[in-house]
Amino acid sequence: MRKGDKVIFRSNTPRILWGVDINFLLGNICIIKSIIELTSKTFERKAYELEEASDYWFPAEEFIPYKGLTVLIDKRRKHEI
């Protein structure tokens with residue numbers, strides 16, 4: 001995902017993430033403000049800063065693209081009919 005993309009937290013994301021209570025963000029569409037790469041000798045991961053929660057960083061793996069979510073919902077609706 002890139003800067004400016006719309007994302008949503010995964011449904012099984014913990015309520016407290018990296019020391020931040022994210023209850024107000026769960027279920028809401030968020031926009032990626034910036035991306036950083038966190039690296040050490042043993043791992044490498046990305047983190048996103050959101051426009052809706054500036055100055056806080058969240059692990060990238062806790063998000064799904066909003067566009068992908070709408071496609072998934074559309075597929076499920078087609079199978080229900």
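Values below: every heavy atom of this structure, side chains too, minus hydrogens, waters and symmetry copies.
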Where Met1 and Ile64 come nearest, the two heavy atoms and their spacing: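 Scanning both residues completely, I find the closest heavy atoms to be SD-C, 4.4 Å.
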Using residues 55-62 as the side-chain source, report each donor-acceptor pair under 3.5 Å to any protein atom, sequence neighbours left out, with the distance given to one decimal.
{"unit_1": "Glu61", "atom_1": "OE2", "unit_2": "Arg45", "atom_2": "NE", "d": "3.3"}
{"unit_1": "Glu61", "atom_1": "OE2", "unit_2": "Arg45", "atom_2": "NH2", "d": "2.2"}
{"unit_1": "Glu62", "atom_1": "OE1", "unit_2": "Arg10", "atom_2": "NH2", "d": "3.4"}
{"unit_1": "Glu62", "atom_1": "OE1", "unit_2": "Thr13", "atom_2": "OG1", "d": "3.1"}

Could you list the donor-acceptor pairs under 3.5 angstrom formed by side chains in residues 20-34, with sequence neighbours left out?
{"unit_1": "Asp21", "atom_1": "OD1", "unit_2": "Asn23", "atom_2": "N", "d": "3.1"}
{"unit_1": "Asn28", "atom_1": "ND2", "unit_2": "Phe24", "atom_2": "O", "d": "2.7"}
{"unit_1": "Lys33", "atom_1": "NZ", "unit_2": "Ser54", "atom_2": "OG", "d": "3.0"}
{"unit_1": "Ser34", "atom_1": "OG", "unit_2": "Glu49", "atom_2": "OE1", "d": "2.7"}

Indicate yes or no: at least one non-hydrogen side-chain atom of Leu50 is less than 4.5 angstrom from one of Phe9.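 A side-chain contact exists here, since the closest heavy-atom pair is under 4.5 Å.
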Set of side-chain contact (heavy atoms from CB on, under 4.5 Å) partners for Ser11, sequence neighbours left out: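 Partners of Ser11 under the side-chain contact (heavy atoms from CB on, under 4.5 Å) test: none.
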